[in-house]
**Q** 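Please read through the structure below; I'll follow up with questions.
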Amino acid sequence: MATLKEILTRRPVAATIRLTVPAGAAKPAPPVGPALGQYRLNLMAFCKDFNARTQKYKPESPMAVTITAFTDNTFEFTVKSPSVTWYLKKAAGIESGSGRAGHVMVSTITVKHVYEIAKIKQSDPYCQYMSLESISKSIIGTANSMGIKVQKELD
């Protein structure tokens, strides 16, 4: 339960904005500019903070960011690591998944690839309390639905 002081000091939320921005490449141009500009948020402050937080990732990695805009023109944001599908495509070396998943296998990856992706995803705010095993099972399910076969070792 929230205390009375927390309830009274809460700022009213104007909007919640979800964007996908390349790591270290946030600019006040589209798609960031129009999305934040309509809520009168400071574009340069967001771009500097976002680029500083995402400098450890490879450039051009698509980062999912959730921005909470408040009515007093301030904001908070959380950054998630790139999606599992993006990591799977990079590991398998393909552009897109299978059109007929389950029937046509596009590529294969190893369990080691899955484990590495799971370790990265464990740092996400929504996955930090999940076990590595459950994240790995989820990644294997995603790989199967994309038409990527998971093997113990590549032949």
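Because the structure is a prediction, the values reported are computed rather than measured. Just so you know, residue 1 is the first one in the sequence shown, and it goes up from there.
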**Q** Looking at side-chain heavy atoms only, is the closest gap between V150 and T110 below 4.5 Å?
**A**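 They are not in side-chain contact.
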**Q** Supply the atom-to-atom distance I17 CD1 to L41 CG, rounded to the nearest 0.5 angstrom.
**A** 5.5 Å
**Q** Could you work out, with side-chain contact (heavy atoms from CB on, under 4.5 Å) as the rule, every residue matching K149, not counting sequence neighbours?
**A**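 For K149 the side-chain contact (heavy atoms from CB on, under 4.5 Å) partners, ignoring immediate neighbours, are M105, T108, Q151.
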**Q** Mind checking whether V65 and F70 sit in one hydrophobic cluster, side chains of I, L, V, M, F, W, Y counted as touching below 4.5 Å?
**A**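 No; tracing contacts between hydrophobic side chains, which count when under 4.5 Å, never links both residues.
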**Q** Please report the closest heavy-atom contact between A23 and Y57, naming both atoms and the distance.
**A** CB-CB, 4.0 Å
**Q** Quick one: side chains of residues 47-54, donor-acceptor pairs under 3.5 Å with protein atoms, not counting sequence neighbours, listed by atom name and distance.
**A**
residue: N51; atom: OD1; partner: A25; partner atom: N; Å: 3.3
residue: N51; atom: OD1; partner: A26; partner atom: N; Å: 2.9
residue: N51; atom: ND2; partner: A26; partner atom: O; Å: 3.3
residue: N51; atom: ND2; partner: C47; partner atom: O; Å: 3.1
residue: R53; atom: NH1; partner: F77; partner atom: O; Å: 2.9
residue: T54; atom: OG1; partner: G24; partner atom: N; Å: 2.9
residue: T54; atom: OG1; partner: F50; partner atom: O; Å: 2.8

**Q** Which residues, ordered by chain and number, are linked to L132 in its hydrophobic cluster, where ILVMFWY side chains connect at heavy-atom gaps below 4.5 Å, directly or through other members?
**A** Y115
**Q** For A92 versus I148, what's the shortest heavy-atom pair and its separation?
**A** CB-CD1, 4.1 Å
**Q** Kindly give the cluster partners of V104, where membership spreads through any ILVMFWY side chain lying under 4.5 Å from a current member.
**A**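 Besides V104, the hydrophobic cluster comprises nothing; the residue is isolated.
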**Q** Write down the atom of M63, the atom of S81, and the distance for their closest heavy-atom approach.
**A** CE-CA, 3.9 Å
**Q** Start with the C-alpha distance between V21 and V32, add both sets of side-chain angles, then the distance that settles side chain to side chain contact (heavy atoms under 4.5 Å, CB included), and finish with yes or no.
**A** CA-CA 8 Å; V21 184; V32 177; 3.9 Å; yes
**Q** Are V13 and F46 linked, directly or through intermediate hydrophobic residues, by side-chain heavy-atom contacts shorter than 4.5 Å (ILVMFWY only)?
**A** no
**Q** If every non-hydrogen atom of I67 is compared with every non-hydrogen atom of L36, which pair is closest and at what distance?
**A** CD1-CD2, 3.4 Å
**Q** Do S145 and T142 get their side chains close enough for a donor-acceptor pair, meaning under 3.5 Å?
**A**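 No donor-acceptor contact under 3.5 Å links the two side chains.
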**Q** Examine distances only and state if a side-chain atom of K121 and a backbone atom of E116 form a donor-acceptor pair shorter than 3.5 Å.
**A**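 Side chain of K121 to backbone of E116: no pair is present.
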**Q** Could you check L88 against M146 for side chain to side chain contact (heavy atoms under 4.5 Å, CB included), going step by step and ending with a plain yes or no?
**A** CA-CA 9 Å; L88 287 170; M146 291 175 67; 3.9 Å; yes
**Q** For residues 15-42, which residue pairs qualify under side chain to side chain donor-acceptor pair (under 3.5 Å), counting only residues two or more places apart or in two chains?
**A**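 Applying side chain to side chain donor-acceptor pair (under 3.5 Å) to every pair that reaches into residues 15-42, excluding sequence neighbours, yields nothing.
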**Q** Give a yes or no on whether the backbone of R100 and the side-chain of H103 come within a donor-acceptor separation of less than 3.5 Å.
**A** no
**Q** Should Y87 and I120 be marked as a side chain to side chain contact (heavy atoms under 4.5 Å, CB included) after you check the CA-CA gap, both sets of side-chain angles, and the distance that decides it?
**A** CA-CA 10 Å; Y87 280 122; I120 294 168; 3.2 Å; yes
**Q** Ignoring hydrogens, what is the shortest heavy-atom contact between Q122 and M130? Give both atom names and the distance.
**A** NE2-O, 3.3 Å
**Q** Return the OG1 to CD1 distance between T85 and I117, rounded to the nearest 0.5 Å.
**A** 10.0 Å
**Q** With E133, which residues qualify under salt bridge (charged side-chain N to carboxylate O under 4.0 Å, His left out), at least two apart?
**A** K137
